[in-house]
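Source: prediction; values computed, not measured. We name chains A, B, ... by the order of the sequence lines, and we start the count at 1 in each one.
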Amino acid sequence: MSAVLQNLVNQPYKHGFVTEIESDIAPKGLNEEIIRLISSKKNEPEWMLTFRLQAYEKWLSMSEPRWQNVKYPKIDFQSISYYSAPKPKKKLASMDEVDPELLRTFEKLGVPMHERAALAGVAVDVIFDSVSVATTYKEKLAEVGIIFCSISEAVQTHPELVKKYLGTVVPVGDNFYAALNSAVFTDGSFCFIPKGVKCPMDLSTYFRINTEESGQFERTLIIAEESASVSYLEGCTAPKFDTNQLHAAVVELIALDNAEIKYSTVQNWYAGDEKGIGGIYNFVTKRGLAKGANSRISWTQVETGSAITWKYPSCILRGENSVGEFYSVAVTNNYQQADTGTKMIHMGRNTRSTIISKSISAGNSNSSYRGLVRIAPTAENARNYSQCDSMLIGNQCSANTFPYIQVNNNSAKVEHEASTSKIGEDQLFYFLQRGIDTEEAVSMIINGFCKEVFQQLPMEFAVEATKLLSFKLEGSVG
Amino acid sequence: MINQNSKTLLEVRGLHANVNGIEILKGVDLTVKSGEIHAIMGLNGSGKSTFAKILAGHPAYEVTAGTIIFNDQNLFDLEPEERARAGVFLAFQYPIEIPGVANNQFLRLAYNTVQSQRGKEELDPLEFDDFVREKMKLLEMSPDFLDRSVNEGFSGGEKKRNEILQMALLEPKLAILDETDSGLDIDALRIVANGVNQLTNKDNATILVTHYQRLLDYIVPDYVHVMESGRIIKTSGKELAKELEAHGYDWINTDDRGNTAGVRP
């Protein structure tokens, strides 16, 4: 039985290939010159350059954090190339003009972009390395006043919005990697939902790291004005490389009065091989500001890839009656490490937050939940419910829970529940004794364990996530 | 019911087995024919539950000697899931909880897997729902059970009924009931026993593993075996259970130990 399980767990990464597209790569290393180069390549206004340089200055004064429960060799920030863009051949009028090599890449990924867009009714803003190559459905969205484009484009076409909101949720000096991102980000998505508009479709971005050793620094900014709502999907997959790649993104969400933003992620970056060689370092700062009264920010994440996942999608609940949610499944196998969770900062009256975290560890991996619930003195009647469940597969992996609870208002109610379980021989044997084979049994047990989180995902993502988990954990019990 | 012309379903010869390097079974012999009900009784630690799990292929036990022929096949050639599909069913003493997995989903997957292996038709969720509700009536189970997670938060009696429901769905050739009576109140015992009785017929066989005679008032065995120290030390008809109840297991030690000649084990 354990041999079957071994085979299941050890399936090679499906998306491991490198697309040969000429890249325009900046020389390795980071200094003011490089930042000026990025800014001028992107034809940015002066204020954008100032933003970057301020961030760079902050970054120089900061040191790399070491409190996290993950281990990795020191990163040489001078050996990273901070800019890489497919060489523009000419302006593209339609998908037909997209580089066929690029299209083939999408086909290999199993998500041909145009089909995905057409069939699923999803507008896909494709990030290929750092520059957006094609945006679909833009016109349809424009009809209702929604702006959905690359952030570089937004800097050119809607500078007033970018200037007003960029860095307001995650300030340039927020943390080491956020400062780095603010200094060198090359692209990402921008999304603006005007007052009263419910976005008619899920917005989706397909990220993909392509150039070896080019760290990717995406920047995403989503704004929902009064009574607006949007559901945003982020899906990730990366080609197989032997050297580690740093991925330090920043995502900022802003919800005004009565607005709702739902942000869903399925992350499947290359995790390294079964010996722990290679894989992506996924160090991300994601934060949402529930600024207005009755606003809602909801994070759902399914983290299955990366050698190291280190992120805390958080909510600042400033508006009265605002709601923050965090639903997470983190799967680690082989030598993967994850230190993930959330922060719920309650500032407004009657604010509510829910945290549901599920971690599944197999192989020699390590998974930690780290979460902060802070009730400010101003947060009358704040409520929080947290549930952290860990599942262990095998006896070489580990799971930890680090809850931090700070309550400064005695009307608050904060609940925390945690459990650790193990897919044991007996659980598996029960399925086998009913004629169900090991693969299906593991898949059913895992999906049952994650059900509360999967229910939060948009339908197509939920199906993808279910398959991804079975695939990741096949063969790991024994 | 005993019929000498029935087909031999299970033939165990000289079975020895270890768990964690300690020998638990020390030469078990047992023959079960179609249509028969066998009770295996014995004190805790005598090896009867181990024997039940070995028949189902539990990976924690290592068979060191002996043979088991099930329905003309070498049982050791079959993986646990293949044994289940071939018709070996174990009603667990402690049915495990599976959080988040809906009972109806689990039951349907088990049912359809076994059906397709036997070349029979699978049922879609709606058809299955009708089918399983009918079977649940047999065990006086509320349809709520279908939506709850498998065994999660079930009382002892509810878990045991859920086991027999699975037996009803999978229609095994050989059902092994491991201490199914333990933890049941008298009403639940009657319901479970009634369910089992309705499922037994001339083409299948049942092995009841039990500590107490109580269950055998409701499910009447054709043979009663007494297990001690990893061996079957005495075999007789249903009246043996009554004598054990009256005199205790020590009674065998003084009177009949080792004297199994003349009775087919």
Side-chain angles (χ1 to χ4, degrees), chain A residues 1-8 327 329 356-360 387-394 417-456 462 465-466 469-470 477-478, chain B residues 19 52-61 78-103 105-118 122 148-152 159 162-163 165-167 169-172 175-176 178:
Chain A
M1 180 162 57
S2 53
V4 177
L5 288 167
Q6 280 301 324
N7 292 337
L8 284 168
Y327 299 98
V329 168
I356 307 285
S357 165
K358 305 276 180 177
S359 81
I360 301 163
Q387 184 187 331
C388 304
D389 299 322
S390 310
M391 181 175 273
L392 304 174
I393 301 176
E417 287 182 24
S419 77
T420 302
S421 57
K422 207 171 167 181
I423 291 194
E425 214 167 46
D426 283 324
Q427 218 170 18
L428 209 52
F429 183 63
Y430 193 74
F431 281 84
L432 296 176
Q433 216 305 301
R434 300 306 184 239
I436 300 168
D437 64 33
T438 306
E439 282 177 46
E440 278 195 281
V442 171
S443 158
M444 211 172 200
I445 293 168
I446 295 291
N447 286 312
F449 178 72
C450 300
K451 192 163 80 177
E452 291 145 292
V453 175
F454 286 172
Q455 279 170 346
Q456 300 296 326
T466 305
L469 252 66
S470 308
V477 187
Chain B
V19 62
K53 286 180 184 160
I54 285 173
L55 289 175
H58 195 288
Y61 302 88
L78 302 178
E79 293 293 327
E81 65 272 31
E82 293 168 331
R83 296 183 192 191
R85 294 167 193 166
V88 175
F89 178 89
L90 174 64
F92 286 82
Q93 182 178 5
Y94 303 109
I96 201 150
E97 301 188 356
I98 305 158
V101 176
N103 209 19
Q105 195 189 355
F106 174 76
L107 295 173
R108 191 169 77 89
L109 180 60
Y111 176 78
N112 280 340
T113 305
V114 169
Q115 284 289 103
S116 75
Q117 289 291 325
R118 294 174 187 167
E122 298 183 33
R148 290 165 64 181
S149 295
V150 180
N151 296 324
E152 195 184 37
K159 283 182 182 172
N162 206 34
E163 292 295 290
L165 174 64
Q166 293 174 54
M167 176 178 162
L169 291 173
L170 302 182
E171 297 180 334
I176 306 139
D178 189 5

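- Between Glu122(B) atom CD and Thr113(B) atom OG1 the span is 7.0 Å, to the nearest 0.5 Å.
- Within the model, atoms CG of Asp426(A) and CG of Leu432(A) stand 11.0 Å from one another, a figure rounded to the nearest 0.5 Å.
- Contact count versus chain A (heavy atoms, under 4.5 Å) is highest, among Leu107(B), Val88(B), Leu109(B), for Leu109(B).
- With a 4.5 Å cut-off on non-hydrogen atoms, Tyr94(B) does not touch chain A at all.
- Looking at Ile423(A) and Ile446(A), their side chains come closer than 4.5 Å, going by heavy atoms from C-beta outward.
- With a threshold of 4.5 angstrom between heavy atoms, Phe106(B) approaches chain A through its backbone and through its side chain.
- Highest contact tally toward chain A, considering only Gln117(B), Arg83(B), Lys53(B), Gln105(B), is held by Gln105(B) [criterion: heavy-atom pairs under 4.5 Å].
- Options Ala60(B), Ala56(B), Ser149(B) differ in how many heavy-atom pairs under 4.5 Å they form with chain A, and the most are formed by Ala56(B).
- In this structure, Phe92(B) and Tyr430(A) have tilted ring planes: the angle between them lies in the 30° to 60° band.
- When each of Leu169(B), Ile98(B), Val150(B) is checked for heavy-atom pairs under 4.5 Å with chain A, Ile98(B) comes out on top.
- Side-chain contact between Asp437(A) and Arg85(B): present, with at least one pair of heavy atoms (C-beta onward) separated by less than 4.5 Å.
- Using a 4.5 Å cut-off between heavy atoms, Pro95(B) touches chain A through backbone and side chain atoms alike.
- Here Glu97(B) pairs with Lys159(B) in a salt bridge; the nearest charged N to carboxylate O distance falls below 4.0 Å.
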